[in-house]
Amino acid sequence: MYALLRRFAGAASTPTKKLRCYSSFTPRDVLRDTADEAGTLLTRFAKHIALERYKDKEHVLPPTTVRYADYFPITDGRYFQRSVEKTDASQLPALIILASSYRSNAALPMYVTALNTLDAHAVAQLAKMDTSTVLETLYSFLFLIPNWLKRTDFHQEAVRRLAMEDFHDNKERFLQVCFYMGLQKKQTTSNDFQELLEEQLPKHLPALSELDLALISNAAYKTSTVIKGTAKEAYDTTLANAVLSLKLTSESSALLISFIKAMRLQRVRDERVCQHLQQICLDSAQITQIEPRGLGHIFAFFAEQLWDQEECLSVIVERLMGSLKPGDLRAKDLATFLWSCAQLNCQLSAAQLRQLELAALRKLDHGEYNFYPDNLVDTCLSLYTLGHYSKDLIDAAEELKATQHRQKAQPKVDSRLTVLRSAVAIEHPSLAKLKTEQVFKEFTRAPGYLLKERTDFTKYAEQLGLDAEVEGVDLVCPISGINIPSLRVQTMGGQASVYFVELLTPQQTLRFSKKPTSLIRLKQRLLESLGQKVVLLHSGNMATSAKELQKLLQPAVERIQDTEVVQGLNN
């Protein structure tokens with residue numbers, strides 16, 4: 001009866017704020033998701049910033065005056081909206097906390113109404129809030145909906161405002177702002193977080209604890225925020241020192257992985273860290289403290305550092321091969337694992353490659369690639385580089401990419417797919433949609449941007465051009481999609497021949513075996529499949545004449561001939 005009277009009373013009055021056309025949440029969201037699904041690391045960081053709030057001397061809030069009975073239970077959505085709109089901005093955090101008690105007994109539509117109304121009013125009152133109230137309101141929403149905070153309009157507006165403030169003298173507030181900004185994933189519309197870190201992080205670095213640094217590093221990684229400028233060196237050094245000084249336990253392993261992910265994002269190269277991580281991987285007691293996904297990040301770190309220490313890699317591969325059951329490694333993790341294996345030239349057996357293919361096919365059946373075609377393309381290309389051709393996966397990648405091509409431009413994925421198509425056209429021409437002559441054009445000139453920082457190519461081309469036995473030297477990219485320049489050297493005389501010379505830089509050479517990285521190995525394999533002669537040279541150790549090139553080619557020619565003999569016997 002009272003609810004009906006309130007409804008009629010509401011119809012006669014004009015509300016101070018119109019109902020929003022677009023809400024942050026719908027009943028379907030609440031049905032399909034739960035706030036209890038927040039990750040353990042998020043929960044740990046949330047508890048940490050809760051403590052930081054109490055350490056902040058400037059964080060002072062007025063006494064709570066709102067009462068649960070004045071708002072809940074909700075019997076009329078419009079009456080609840082009017083009640084919330086009368087609430088002072090300083091009391092909003094307390095009201096949001098009260099909503100957590102209402103949740104357990106609330107009807108689904110009314111709970112959704114409460115969320116959207118509180119979110120809308122918080123946005124409307126943002127201009128009236130001081131910094132303490134903004135941070136407290138964010139924390140209250142985090143307490144109420146830990147997995148959904150980033151979806152609220154208030155979160156987006158609040159972090160945009162906080163990014164503009166100065167926290168040089170307040171580490172506690174700086175940490176809180178970093179945490180909330182780190183929930184936004186990729187910063188596609190603004191560089192606010194990057195500017196905040198580059199300007200204010202150097203002041204706080206010396207005073208950061210391990211957990212503080214992990215919180216900031218995790219936020220930077222999640223948002224793909226690369227710290228540049230004057231702050232970069234100090235931040236990179238701090239990350240490396242944190243890895244070296246951290247005592248590994250089951251609780252601290254997540255912090256270690258946060259540092260490793262941040263170092264990967266920052267492209268930090270540090271041999272000390274590689275040696276330290278190698279010791280962890282070779283210690284059977286320590287490696288068990290690291291979860292499979294975390295170990296995958298360590299493996300990828302080794303791959304990016306070109307650290308191919310055989311014993312260490314064998315341990316990692318064996319452990320990750322035992323983690324292929326659903327739940328341990330996501331589609332993204334499997335793609336990263338395969339790329340690392342290909343980059344570091346891990347020698348996987350045919351049974352292991354088939355096992356990895358089956359794991360990818362299971363994920364394909366479960367729809368894990370539907371919104372992430374890049375993971376499937378990367379998986380196919382890495383498997384192919386390792387010598388395993390999977391027609392089912394490649395066909396699925398083509399189909400999936402074709403359906404999403406118009407929705408989102410993905411130049412890197414398109415480039416990798418082009419490499420994959422070229423490889424199939426060369427080694428499996430009967431199964432390819434493209435003809436070999438479409439993907440192999442030996443006279444295609446290397447574009448200028450590829451040679452901009454490769455003066456060794458131009459100098460070596462000039463040097464070889466002076467040899468009396470060399471008819472011509474061209475800088476080319478002969479295989480479609482593989483944008484790595486080669487020298488096409490044509491000799492004269494009775495033994496006239498054409499060679500493709502690959503000059504390896506230190507960034508293209510594995511640390512211990514001195515073998516080339518995955519894409520160059522694939523390029524060499526494809527050229528040799530076409531009957532071409534390929535010479536691999538390190539940039540600082542070049543052959544000075546056509547005769548030297550001929551001598552270097554002899555082992556490769558013998559290898560190709562042996563392969564042909566074996567194939568002939570098998571046939």
Side-chain angles (χ1 to χ4, degrees), residues 264 267-279 281-282 298-317 337-349 381-382 384-387 419 450-451 453-457 459-461 463-464 475 477-479 482-487 489 499-529 532-545 547-560 562-563:
R264 290 184 60 200
R267 299 184 183 275
V268 180
R269 302 188 68 85
D270 195 314
E271 188 171 318
R272 298 175 305 157
V273 174
C274 290
Q275 292 172 343
H276 179 71
L277 294 176
Q278 178 178 303
Q279 291 175 356
C281 293
L282 294 177
I298 292 178
F299 195 22
F301 181 77
F302 282 141
E304 290 163 351
Q305 307 281 318
L306 308 178
W307 191 269
D308 62 330
Q309 206 279 339
E310 187 174 355
E311 183 183 2
C312 178
L313 299 189
S314 299
V315 171
I316 295 176
V317 169
F337 170 55
L338 280 166
W339 172 80
S340 302
C341 287
Q343 181 76 332
L344 295 172
N345 197 27
C346 296
Q347 302 302 310
L348 302 182
S349 66
L381 183 57
S382 296
Y384 199 95
T385 303
L386 290 165
V419 174
L450 292 179
L451 303 172
E453 297 181 0
R454 294 299 305 271
T455 56
D456 53 339
F457 266 100
K459 289 181 180 179
Y460 192 39
Q463 185 179 358
L464 283 177
L475 281 74
C477 285
I479 297 178
I482 301 183
N483 296 325
I484 300 175
S486 305
L487 289 174
V489 182
Y499 314 123
F500 284 93
V501 180
E502 306 294 328
L503 294 183
L504 304 180
T505 65
Q507 292 74 33
Q508 296 171 327
T509 309
L510 299 181
R511 173 74 166 77
F512 297 98
S513 66
K514 302 303 178 185
K515 292 183 179 180
T517 50
S518 58
L519 194 56
I520 295 179
R521 291 200 315 275
L522 178 61
K523 181 183 179 182
Q524 178 188 10
R525 191 178 95 198
L526 296 178
L527 287 172
E528 290 179 347
S529 296
Q532 301 297 322
K533 300 173 182 178
V534 183
V535 179
L536 294 178
L537 297 175
H538 292 281
S539 188
N541 186 24
M542 303 175 189
T544 57
S545 68
K547 290 183 178 179
E548 288 187 16
L549 288 176
Q550 182 67 35
K551 290 179 181 178
L552 290 169
L553 270 172
Q554 196 59 38
V557 172
E558 291 174 355
R559 184 173 67 250
I560 294 173
D562 290 342
T563 302

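No option in K523, R521, Q524 other than K523 meets the side-chain hydrogen bond (donor to acceptor under 3.5 Å, both in side chains) test with E502.
No more than 12 heavy atoms of other residues, nucleotides or ligands lie within 6.0 Å of CD in E310, so this atom counts as exposed by the packing criterion.
For the pair C341 and V317, the tightest heavy-atom approach, listed with the atom from each and the gap, is SG-CG2, 4.3 Å. Nearest heavy-atom pair across L386 and C346 is CD2-O, 3.8 Å. Summarising the geometry of L503 relative to R454, their closest heavy-atom pair is O-NH2, 3.0 Å, with the distance given to 0.1 Å.
Note: L344 CG to K515 NZ = 12.0 Å, rounded to the nearest 0.5 Å. Taking CD1 of I479 as the reference point, atom CG of L519 lies at 9.5 Å (rounded to 0.5 Å). Going from atom CD of Q309 over to atom CD1 of I316 covers 9.5 Å, rounded to the nearest 0.5 Å. One finds the OG atom of S486 at 6.0 Å from the CZ atom of F457 (value rounded to the nearest 0.5 Å). Rounded to the nearest 0.5 angstrom, R267 CZ and Q305 CD are separated by 11.0 Å.
Checked against side chain to side chain donor-acceptor pair (under 3.5 Å), S529 has the following partners two or more places apart in sequence or in another chain: E427.
Classified by interplanar angle (parallel below 30°, tilted 30° to 60°, perpendicular above 60°), the ring pair W307/F302 is parallel.
Side-chain atoms of L504 and K514, non-hydrogen and from C-beta on, never get closer than 4.5 Å to each other.
With 3.5 Å as the limit, one finds no donor-acceptor pair spanning the side chains of Q508 and T517.
Here the side chain of Q347 pairs a donor or acceptor atom with the backbone of N345 at under 3.5 angstrom.
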